[in-house]
K.L.:
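Sharing a structure, written as structure tokens. Questions coming.
Just so you know, residue 1 is the first one in the sequence shown, and it goes up from there.
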Amino acid sequence: MFSKVWSAALNGMEVYPVRVEADISEGMPQLLMVGYLSSEVKEAGERVRTALRNTGILLPPKRITVNLAPAGIRKAGTRFDLPVAAAILASLEKIPLESLSGIMLAGELSLNGQVLRIPGVLSLAEAAREKGLRCCIVPKGNEEEGAVLEGIDVVGVSSVAELLEVLRHPKQAKPARIDARKLLALEQENEEEDFSQIHGQAALRRAAEVAAAGMHNFLMIGPPGSGKTMIARRIPGILPPLSLEESLEITKIYSIAGLLPEDRPLMTKRPFRSPHHTVTAEALAGGGRIPSPGEISLSSRGILFLDELPEFHRSALEILRQPLEEHCISISRSSGTYRFPAEFMLVAAMNPCACGYFPDRNRCRCREWEVDRYLGKLSRPLLDRIDICTEAPRISYEELAGNRREESSARIRERVKAAHRIQQERYRGLSIHFNAYLSGKAVGRYCPLGRKEGELLKEAFGKLNLSARAYHKVIKVSRTIADLEQEEGIQERHILEALSYRAPERDAWSGEV
């Protein structure tokens, strides 16, 4: 008897519907699985056979053929155990054939018949909704994750026996209900890390605010203990709260990577990823035998913080160039090309030399060639992709011991939110969300300059030897500063401040100028 049910394959961030077909006929007793399968999918046959036996269902001594179509798409992972079991049960007439109509199944089976958690359930539920299916049956542990999506019923099962009950009596099944918007609204602000805890560093705080207002890449240079890491860890607190669309996007990434916490069906805070400087280029970009999101994609819609920037491997740093420019990352394998999101804000911190105290010659013992070699780990093309670079000077005793109450993250966040609203209105209907994402052509359209402003930037272009990319970044940062002040046009003072955030040339860092 022939039966079929829908499931889905994950290739990177892409989801492909898969039709799981089962046929039981006379012939040599065997369970044969076909359809361009990975080794773990081929092993599903034995897991399903044993799980059904331990549930009290013996497979007959007949030829059982299971096909996962289309055969041109490689199927990997353990999510096909549950649909294979359901298709075989329908072919055995243990469940009605019509009960498999309009549903998608995914889940891993243990040998005792239990249904185990799998990654990527939110993406599978979204694929089922787009295909027009009415229901998605998933492991009980993934039930709430799938239920945050509106427009489709998600039912969780914990065992094969429970699956039989759901398919035999579909009207009695109770889909999970999660109000994703309410879940976002209930998220409390993190009061442990606030800008009010940072003493002094007014210029550094201002640069962080400008960077957050336009989602500009941000580099801080200063000696150890000057507050660089403290500033970086507090930037997520001045970014606007996540929208539901952003939250779902982040949740999908973490679910596919297998990093979604079991007790949290929805990611409600912007990511803050801070990989160690020993991280490899592959770990940053993602990939592997089965491509999965790396640190760059895991920080999408949030912050990727690289502390001690020159200590990172050169290959890891250079791999940032494409995602910083294109806001996505492509990984090519013999099986195809995989695209992962990379809409992140790069925040980096570094010392001016290996010991950290240059140019204070009372404390720094580095030779000039050692300073140059240390700074030379950062290529100019990479620095050109950093919009805002500022110095983090050593904090004085008076600033550290003073009782002055600094401005809180909440007040800064209100100004940043206002600047974001201006940009959303300006770029309505476009794929652009923030000033930092403007292309060279879009800069000319959305960031017009007056005569005086144009002359100022022309003079700076010649004196500072700016590249075309650096020229456009100065204009984009100027546009963000104007948005913070709610000015319609870019003024001279905005350009001057933006120019002050340009990364200095290497010879200026090493004290040769």
K.L.:
Is any side-chain heavy atom of T251 closer than 4.5 Å to one of R264?
P.N.:
no

K.L.:
List for me each residue that meets side-chain contact (heavy atoms from CB on, under 4.5 Å) alongside A8, sequence neighbours excluded, and say none if there are none.
P.N.:
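For A8 the side-chain contact (heavy atoms from CB on, under 4.5 Å) partners, ignoring immediate neighbours, are V15, M104, L124.
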
K.L.:
Quick one: ring-ring contact (aromatic ring centres under 6.0 Å, His included) partners of Y254, sequence neighbours excluded?
P.N.:
none

K.L.:
Could I get the full list of salt bridge (Lys or Arg N to Asp or Glu O under 4.0 Å) partners for K476, not counting sequence neighbours?
P.N.:
none

K.L.:
Mind checking what makes salt bridge (Lys or Arg N to Asp or Glu O under 4.0 Å) contact with R469, not counting sequence neighbours?
P.N.:
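Scan of R469 (salt bridge (Lys or Arg N to Asp or Glu O under 4.0 Å), adjacent residues dropped) gives E325.
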
K.L.:
For P139, enumerate each residue passing the side-chain contact (heavy atoms from CB on, under 4.5 Å) test, keeping only those at least two apart in sequence or located in another chain.
P.N.:
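If we apply the side-chain contact (heavy atoms from CB on, under 4.5 Å) test to P139, skipping adjacent residues, the hits are V115, I118, N142.
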
K.L.:
Test: salt bridge (charged side-chain N to carboxylate O under 4.0 Å, His left out). Region: residues 434-446. Which pairs qualify, not counting sequence neighbours?
P.N.:
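Matches after skipping sequence neighbours: none remain.
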
K.L.:
Holding to ring-ring contact (aromatic ring centres under 6.0 Å, His included), I want the full list of residues that pass it with Y16, two or more places apart in sequence or in another chain.
P.N.:
none

K.L.:
Could you work out, with salt bridge (Lys or Arg N to Asp or Glu O under 4.0 Å) as the rule, every residue matching K252, not counting sequence neighbours?
P.N.:
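In terms of salt bridge (Lys or Arg N to Asp or Glu O under 4.0 Å), with neighbours along the sequence ignored, K252 is linked to E126.
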
K.L.:
Holding to ring-ring contact (aromatic ring centres under 6.0 Å, His included), I want the full list of residues that pass it with H472, two or more places apart in sequence or in another chain.
P.N.:
none

K.L.:
Pairs in or reaching into residues 302-316: which pass salt bridge (charged side-chain N to carboxylate O under 4.0 Å, His left out), with residues at least two apart or in two chains?
P.N.:
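Sorted result for residues 302-316: R314-E318.
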
K.L.:
How would you list, by chain and number, every residue that makes a salt bridge (Lys or Arg N to Asp or Glu O under 4.0 Å) with R206, sequence neighbours excluded?
P.N.:
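Here the qualifying residues are E497.
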
K.L.:
Restricting to ring-ring contact (aromatic ring centres under 6.0 Å, His included), what partner residues turn up for Y427, sequence neighbours left out?
P.N.:
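For Y427, the residues satisfying ring-ring contact (aromatic ring centres under 6.0 Å, His included) (neighbours in sequence not counted) are Y446.
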
